[in-house]
Amino acid sequence: MAEARELTYIGAVAEATKTVLQEQDNAFVAGEDVAGAGGVFGSYRGILEEFGDRRIVDTPISEEGIIGLGVGAAATGLRPIVDIMFMDFMGECMDEIANQMAKMRYMFGGSAKLPITIITMSGGGINMAAQHSQSLEAWICHLPGLKVVAPSTPYDVKGLIISAARDDNPVFVVLNKLSLRNRGDVPEASYEIPVGEAKVVREGGDVTIVTYSRMVGEAIAAADKLAESGIDAEILDLRSLQPMDTAAIVASVKKTQHVVVVHEAVRFGGLGGEIAAQIQEEAFDYLDAPIARVGAPFSPVPFSPVLEQAYIPNAERIVEEVTKLLGVA
Amino acid sequence: MAEARELTYIGAVAEATKTVLQEQDNAFVAGEDVAGAGGVFGSYRGILEEFGDRRIVDTPISEEGIIGLGVGAAATGLRPIVDIMFMDFMGECMDEIANQMAKMRYMFGGSAKLPITIITMSGGGINMAAQHSQSLEAWICHLPGLKVVAPSTPYDVKGLIISAARDDNPVFVVLNKLSLRNRGDVPEASYEIPVGEAKVVREGGDVTIVTYSRMVGEAIAAADKLAESGIDAEILDLRSLQPMDTAAIVASVKKTQHVVVVHEAVRFGGLGGEIAAQIQEEAFDYLDAPIARVGAPFSPVPFSPVLEQAYIPNAERIVEEVTKLLGVA
Amino acid sequence: MDLNNETLLDIHLRMVRIRTFETEAGKMAEAGKIPGALHLYVGQEAVAGGIMAHLSNDDWITSTHRGHGHLIAKGGEFGKMFAELYGRATGYCKGKGGSMHISNMQLGMLGANGIVGAGPPIAVGAAFSIKYRNAPNVAVTFFGDGASNEGSFHEAANMAALYKLPVLFVCENNGYGEYTAQANHQAIVDVADRAAGYGMPGVVVDGMDAIAVYEATAAAIERAKEGLGPSLLECKTYRFFDHVGVRGMGLSYRTDDELAEWQKRDPILIFEVRLAELGVLSEAQAKEIHEKVLADVKEGIEFAEASPMPNPDSLLEDVYA
Amino acid sequence: MDLNNETLLDIHLRMVRIRTFETEAGKMAEAGKIPGALHLYVGQEAVAGGIMAHLSNDDWITSTHRGHGHLIAKGGEFGKMFAELYGRATGYCKGKGGSMHISNMQLGMLGANGIVGAGPPIAVGAAFSIKYRNAPNVAVTFFGDGASNEGSFHEAANMAALYKLPVLFVCENNGYGEYTAQANHQAIVDVADRAAGYGMPGVVVDGMDAIAVYEATAAAIERAKEGLGPSLLECKTYRFFDHVGVRGMGLSYRTDDELAEWQKRDPILIFEVRLAELGVLSEAQAKEIHEKVLADVKEGIEFAEASPMPNPDSLLEDVYA
Ligand SMILES: Cc1ncc(C[n+]2csc(CCOP(=O)(O)OP(=O)(O)O)c2C)c(N)n1
Ligand SMILES: Cc1ncc(C[n+]2csc(CCOP(=O)(O)OP(=O)(O)O)c2C)c(N)n1
Ligand SMILES: [Mg+2]
Ligand SMILES: [Mg+2]
C-alpha cells in the first residue's frame with residue numbers, strides 16, 4: 001500500500017471519485033458544472049481530462065432530472081455518482097429522492113438494485129445565507145432505503161466515498177463546505193470505511209460528545225479547552241448517520257455517563273433528538289444527567305457574519321453545555 | 001353560539017374552509033381537483049357552488065407551481081388555502097416550501113408576511129402503498145418559519161383550520177386519511193383552537209402517552225385496554241407539532257413519571273426523538289424509566305394489507321410498550 | 001413498414017389481453033377483492049399495444065399509476081399481476097407494491113408509479129444507460145396529459161434532447177387529469193406542441209388506432225437508434241372507466257355523450273374491423289382469442305386467490321440490497 | 001410608442017445606476033469588504049432598465065441570484081443596498097438576506113433568490129393576486145437561460161397561461177448557466193421557443209438594446225392588462241463579469257474574443273450613442289450623469305460602512321410574523 005500524504009478535504013473527493021471511476025467501468029459522474037468546471041467547489045477537478053465526457057457529464061440546472069437520471073441509470077445497471085451542488089437544493093428533487101430512489105427496491109419486492117452515490121454540500125459559515133447553508137440530513141435519514149454518511153476528515157471522505165460507490169444502495173455523502181481546505185493524511189491506495197461505523201476520535205472518561213461532520217473539529221477544540229479545566233471528554237465521530245452506530249454511542253455513554261450531542265443542523269427536529277432518544281432507551285441507568293443537545297437555533301441561517309457566527313454551533317457553546325452538564329459552572 | 005352537532009372529520013374541513021372564505025375576502029382555495037370535484041377526499045364539497053371559481057381554483061398537477069402560487073399570492077396580500085392532496089407529494093414542492101415559504105420573511109428582514117394555510121393528508125391504512133401513505137411531518141417541523149398542526153378530531157379540525165387561516169404565518173394542517181369518516185361534535189359557529197396548545201384527552205396517573213393525529217384514537221383504545229389491567233394512562237394530544245407544547249408534555253410527565261411517545265411516522269428520525277429528547281432535558285429527575293417510542297418500522301409503507309397492518313402502529317403496540325415500560329409484563 | 005400479419009395479430013393479442021385483464025380486475029375491485037386504488041387502462045389499449053409490439057425485454061419502459069396495460073403489453077403474466085393486485089406473496093412485487101407500483105425488471109418494466117410525472121426522469125436515466133453501454137435499445141416513458149404539467153417532465157425532456165438519448169416520450173392524452181379536463185389544466189390543445197421547446201419532434205397520433213401508433217413509434221425508434229435523440233408522441237385517447245376503479249366517485253365531470261362518442265372508436269373494435277377487412281382475423285377467430293384470453297385471466301385470478309398472503313416477517317426485507 | 005425623451009433618460013439613468021453600483025460593488029468584494037457570493041449584473045442593464053421603466057411600485061417582480069440590477073431599476077436605494085451586501089443592520093433586509101435575498105416589498109420587489117428557478121411560481125402567485133383584486137398591474141419574473149431548465153419555470157408558465165394571468169416571463173439569456181454554455185444545457189437556441197408549448201407568445205429581443213426591450217415589454221404589458229395572459233420575452237444578453245464576483249474562479253469556459261465581441265455592444269455604450277444621435281443626451285451630459293451616480297454610489301458605500309452590524313440578539317427575530 002502506497003504512502004499516505006496530505007490532501008485537502010476537497011482533494012480527497014476528487015481522488016476518491018477517480019478511484020471509483022478507475023475501479024468500476026459502470027461508474028460515471030453527473031451534475032451541474034462537474035465536468036468542464038470540475039465542480040464549483042473543485043470536487044471533480046481533473047476528472048474530465050482523465051476520464052472524458054462519457055464518464056463525467058455536465059447537466060442542465062434540473063435537480064429532479066439529475067436524480068431521476070441517477071435512479072434510472074442505476075436501476076438499469078450503471079453506478080452513478082450524482083452531485084447536488086448544495087444540499088439546500090434537495091428541495092428541488094425530494095420526490096425522486098424520497099419516493100423513487102429510496103423506495104423503488106422495496107416497492108418492486110426487491111427486484112431492483114439502486115447503486116447510487118449522491119454527493120452534496122452542507123453547512124454554513126461562508127456567508128451564503130438561508131438557501132445555501134443548511135444541514136438537512138434529518139430529511140434523508142428519516143427515509144428507509146437510503147444510507148447517509150457525513151465525513152469530517154479527508155481520510156474519511158475518501159474511504160466513505162469509495163464505500164458508498166461500492167454499496168448497492170443509494171448512499172448520500174454529505175460533505176461540509178467550510179471543511180474544504182482542511183488537510184489530513186490520505187493513503188494513495190484505495191480503501192473503504194465501512195458505512196455504519198462510528199469512530200472514537202478522542203478518548204476520555206468524563207463526558208461523551210457525539211457529533212459528525214465539521215462539528216467534530218469544534219468538539220476537538222472544545223475538548224482541548226475542557227482539558228484545561230480538568231474535564232476529559234471523549235469524542236465520537238458518527239461518520240455514518242444512516243445506519244447509525246448506536247452500539248458505539250451506547251458503549252461510550254456507559255463509560256462516561258454524560259453526553260452532549262452536537263450538530264450544525266437546526267436543533268428542533270435534528271438528528272440530535274433521535275440520538276438522545278436512543279441513548280436514554282439503551283443506557284438509561286447509566287445517565288447521571290440529561291443528555292444535552294447543541295444545534296442551531298430555530299431560525300433560517302442569517303447572512304450577516306455577526307449573525308451567522310451567533311447562529312452556528314461552535315466549540316464555545318459545546319464547552320458551555322459540557323460545563324453546565326457536569327455541574328462545574 | 002349555535003348548537004354543536006355531529007360532523008365527520010372531513011366534513012369539518014369543508015365547514016372550516018367555508019367559514020374562512022366567509023370571514024376573509026382575501027382567502028381563496030387552490031389545489032388539484034378542489035373545485036369541480038370538491039377534493040378527492042371531499043374536503044371542499046359545496047365550496048365551488050357557494051363561492052364560485054374566483055374563490056376556489058382547480059390547478060394543474062404542478063405542486064411546485066401550486067405552492068409558489070400560494071407564496072406569491074400571500075406575500076402580495078391574499079390569504080391562500082392551498083391543498084396538497086397527499087403529503088407524500090411534498091417531494092415535488094419542497095423547495096417552495098422550505099426555501100421560499102419558510103424563509104422569505106426572515107430573509108427579507110421581516111418585511112414580508114406569508115399568511116398561507118396548507119392542507120394535506122398523511123397516514124396509511126387504506127392500502128395506498130409506499131407513495132400515498134407517508135407521515136412526513138418531521139420534514140416540515142424541522143423548518144423554522146413554518147407552523148404545523150395535526151388534528152385528531154372533527155372539532156380540532158375545524159378550530160385549527162380557522163386558526164391556521166387567521167395566522168399571518170404559513171401553517172400546515174396535516175390531516176389523516178383514515179380518520180375521514182370519524183364523527184364528532186362540532187359547533188356551527190366559528191371558533192379557534194390556538195396553534196401551539198396541546199390537550200389532555202384522558203387523565204391518568206400511571207403513564208403519559210404523548211401523541212397526535214389518528215394515533216390519539218389508538219392511544220385511547222390502548223388506555224381502555226390498559227385500564228383493564230389497572231393501568232391508568234394519561235393521553236396528551238399534541239394537536240400542534242410546531243410550535244410544540246413542551247410545557248404541557250412536561251407537566252404530564254412530571255405527574256406520571258412514565259411516558260410513551262407514539263406516532264405513525266417512521267420511528268427513526270420521527271418527531272418522537274425530538275419529544276423524547278425534550279422530555280429528558282426538562283424532566284430528567286422525574287423519569288422512572290426510559291421514554292419509550294412507538295413509530296413505524298424502518299421500511300417504506302407496504303401495500304399488502306397484512307403487511308400494512310403489521311407496519312402501522314396501533315393500540316396493541318402501545319399497550320405492549322406501556323406494559324413493558326411499567327415492568328408489568 | 002414491417003406491419004405483417006404476425007405483427008398485426010401480435011398487437012391485437014396485447015390489446016385483448018389488456019382489455020380482458022382490466023375488465024376482470026375492475027370486477028374484482030368492485031367485489032371488494034382488491035385493496036387500494038385501481039386505475040384501469042380500458043380504452044387506451046392501442047397505445048400500449050402499438051408501442052410495445054416494437055420492444056424487447058432489453059428495452060425499458062417507465063409507467064404511471066395507470067400501469068397494468070403497460071406491463072401486460074410488455075409481457076406481464078396475469079397470475080403474478082393479479083397476485084400483486086391482491087397483495088399476495090406470489091405477486092410481481094411480493095405484495096409490497098400493489099397496483100400503483102407493479103413492475104418487472106426482467107421484462108424491462110421500471111414500475112407503475114404513484115407519483116404523477118416521476119417516470120420521465122427515470123426513463124431518461126435508463127436511456128442514458130443504454131447509450132452508455134452502446135446498446136441497440138430504447139427507453140419509453142408513458143405519462144398522461146395531466147403529467148405533462150409536472151416540472152419533472154420538462155427537466156427530463158430537456159435532458160433527453162440535450163444528450164440525444166434514445167427515449168420516447170409518450171403522452172397518453174385521455175383528455176383528463178383525474179376530474180379536470182385538459183382545457184382546465186393547460187392552455188394548449190396538443191401536448192405535442194411542447195416538443196419544439198426541447199428541440200425534439202412532436203407528433204400527434206390517433207391513440208385509438210393501433211396501426212397509427214405502431215407506425216409513429218417505428219419512426220421515433222428509428223430516429224432514436226440513429227442517435228438523433230428523443231421524440232414526443234402524443235396519443236389522443238380516452239379512458240372508458242372512471243379515473244379510479246370502474247365507476248369512481250360518481251362525479252359528473254364528463255358527459256355520457258362524450259363517452260359514447262369515444263366508445264364508437266373503441267380501439268379493439270376498430271382494430272378488429274380493420275383486421276377483418278385485411279383478411280387477417282375473422283370474427284370467429286377474434287372471438288376465440290377473447291375467450292382464450294378470458295380463460296387465462298380467470299386462471300390468473302384463481303392463482304392469485306389461491307396464493308398465500310406475505311409473511312409479516314417479510315416486512316423489513318427488500319429495503320436494502 | 002410613448003418613448004419620449006423623458007422615458008429615454010429615465011431608462012438611461014436606471015442603467016447607469018446599475019452599472020455604477022455593480023462596478024463599485026465588485027471592487028468592494030475584491031477588497032474583501034463584502035461577505036458571501038456576489039453575482040453581478042454588468043452587461044445586462046438594458047433588460048432591467050427597459051422593463052422597469054414600465055413598472056410602478058404596485059407592479060411586482062421576482063428576481064434571481066443576480067438581483068441587484070433588478071432592485072436598482074425598481075428604485076432601490078444605494079445606501080440600503082450596500083448596507084445589505086455588507087450585512088449591516090441598516091440594509092434592506094437588516095443584514096439577514098445579503099446579496100442573494102435582497103428585496104424590498106414597498107418597491108414591489110419580491111426578492112433576489114438563491115434558488116435558480118424559484119421565482120416564476122412566486123410571480124405567478126403575485127399575478128394571481130393582481131387579477132384577484134382586479135388591479136391594473138402586472139408581475140414580471142426574471143430568470144436566466146439556465147433557469148429555463150428547471151421544472152418550476154415549466155409549471156409556472158403553464159399555470160400563468162391557463163389562468164391568463166398578467167405576468168411577463170423574462171428570460172435573460174446571457175449564454176451561460178454558471179460555467180456551462182447554453183448549447184451544453186439545452187438543445188434549443190431560443191428559449192422563446194418554449195412559449196408555444198404553454199399557449200403564450202414568445203419573443204426574442206435584443207437584450208443589449210434598451211429601446212428594443214422597452215418596446216417588447218410595452219406590447220407584453222398591454223396584452224397582459226387586456227386579460228390576454230402572459231408572454232415570454234427572451235432577451236439575448238451577456239454578462240461582462242464572471243458568474244460570481246468580478247473574476248470568479250478564473251475558469252476558461254468562454255473566450256476573451258467572445259467577451260470582446262459582446263462588449264462592443266455594451267448596452268450603455270450603444271444606448272448613449274443612440275441618445276446622442278437623437279439629440280437627447282450629449283456626451284458631456286452623459287458624463288455628468290455618470291459622475292453624479294458615482295458620487296451617489298460612493299455615498300451609499302459610506303452609509304454602509306458607517307452602519308452598525310446587526311445586534312446578535314436580533315437573530316431570532318423575523319422568523320414569524
Ligand atoms: C405528484 C402527484 N400529484 C398528484 C397526484 C394525484 N393524481 C393521481 S392520478 C392524477 C391524474 C393524472 O392525470 P394524467 O397524467 O392525465 O393521467 P391519467 O390518470 O389521465 O391516466 C392525479 C392528479 C399524484 N399521484 N402524484
Ligand atoms: C436550484 C439551484 N440549482 C443550482 C444552483 C447553483 N447556481 C447558482 S446560479 C446558477 C446558474 C444560473 O444560470 P442562469 O439561470 O442562466 O442565470 P445567470 O447566472 O446566467 O444569470 C447555478 C447553477 C442554485 N442556486 N439553485
Ligand atoms: Mg389524463
Ligand atoms: Mg445565464
Side-chain angles (χ1 to χ4, degrees), chain A residues 31-42 45 48 53 57-68 85-86 88-96 124-134 177 266-268 296-312, chain D residues 34-37 65 83-89 91 93-102 112-118 144-153 177-182 184-187 243-244 248-249 251-253 308-320:
Chain A
E32 294 162 18
D33 283 309
V34 294
V40 300
F41 300 103
R45 213 153 274 167
L48 178 65
D53 64 5
V57 182
D58 278 330
T59 65
I61 312 175
S62 305
E63 288 77 13
E64 197 161 4
I66 295 168
I67 297 289
M85 198 184 291
F86 286 77
D88 314 66
F89 307 163
M90 287 198 315
E92 296 284 8
C93 48
M94 274 312 277
D95 179 70
E96 291 283 341
I126 57 170
N127 316 118
M128 294 288 277
Q131 296 172 336
H132 284 73
S133 306
Q134 293 170 88
K177 57 183 95 74
V266 167
R267 190 176 189 272
F268 191 105
F298 207 63
S299 86
V301 184
F303 164 68
S304 183
V306 295
L307 295 176
E308 196 182 22
Q309 285 315 311
Y311 179 88
I312 301 181
Chain D
I34 297 181
H65 56 288
E84 190 57 37
L85 303 194
Y86 274 75
R88 304 298 164 115
C93 310
K94 305 182 188 164
K96 285 177 174 159
S99 165
M100 274 199 288
H101 308 294
I102 197 159
N113 209 312
I115 300 294
V116 169
D145 50 304
S148 73
N149 300 322
E150 283 281 12
S152 50
F153 157 72
E178 287 189 355
Y179 315 103
T180 299
Q182 188 193 357
N184 296 326
H185 71 63
Q186 54 191 202
H243 167 65
V244 58
M249 319 197 308
L251 297 169
S252 55
Y253 59 98
M309 285 294 177
N311 187 327
D313 292 345
S314 72
L315 180 63
L316 291 176
E317 289 164 13
D318 303 319
V319 182
Y320 293 96

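In what follows, chains are A, B, ... by sequence order, proteins preceding strands, each numbered from 1.
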Task: From CD1 (D/Ile115) to CD (A/Glu92), nearest 0.5 Å - done: 6.5 Å

- [ ] Tell me, out of A/Ser299, A/Pro300, A/Gly91, who's got the most heavy-atom pairs with chain D below 4.5 Å.
- [x] A/Ser299

Open item on the list: So which residue, D/Val244, D/Asn113, D/Asn184, ends up with the most heavy-atom pairs under 4.5 Å with chain A?
Closed with: D/Asn113

Task: Exercise: identify the closest heavy-atom pair between A/Ala129 and D/Gly97 - done: CB-O, 3.6 Å

Open item on the list: For chain A, which candidate among D/His243, D/Glu150, D/His185 shows the most heavy-atom pairs at distances under 4.5 Å?
Closed with: D/Glu150

Task: Smallest separation among heavy atoms of A/Ala130 and D/His101, with atom names - done: N-NE2, 4.0 Å

Open item on the list: I need the A/Leu307 CG to D/Asp313 CG distance, nearest 0.5 Å.
Closed with: 10.0 Å

Task: Under 4.5 Å from a heavy atom of chain D, the part of A/Phe86 involved - done: neither

Task: Contact class of A/Gln309 relative to chain D, heavy atoms under 4.5 angstrom - done: neither

TODO: Might you point out which heavy atoms bring A/Ile61 and D/Ala147 nearest each other, and give the distance in Å?
DONE: CD1-N, 4.4 Å

Task: Heavy-atom closest contact (D/Glu178 atom, A/Asp33 atom, distance) - done: OE1-OD2, 2.5 Å

- [ ] Identify the heavy atoms of A/Ala37 and D/Tyr179 that sit nearest to each other, and give their distance.
- [x] CB-CD1, 3.9 Å

Task: Winner by heavy-atom pair count (cut-off under 4.5 Å) against chain A, out of D/Leu316, D/Val319, D/Leu251, D/Leu315 - done: D/Leu315

Open item on the list: With rounding to the nearest 0.5 angstrom, report the CZ to CD distance, A/Phe303 to D/Glu84.
Closed with: 7.0 Å

Task: More than 12 heavy atoms of other groups within 6.0 Å of D/Asn311 CG - done: yes

- [ ] Identify the two heavy atoms, one from D/Ala37 and one from A/Met128, that lie closest to each other, and give their separation to 0.1 Å.
- [x] CB-SD, 3.7 Å

Open item on the list: Given heavy-atom pairs under 4.5 angstrom as the criterion, report whether the side chain, backbone, both or neither of A/Phe89 touches chain D.
Closed with: side chain

- [ ] Please flag which part of D/Ile34 lies under 4.5 Å from any non-hydrogen atom of chain A: side chain, backbone, both or neither.
- [x] neither

Open item on the list: Return the CE to NE2 distance between D/Met100 and A/His132, rounded to the nearest 0.5 Å.
Closed with: 4.5 Å

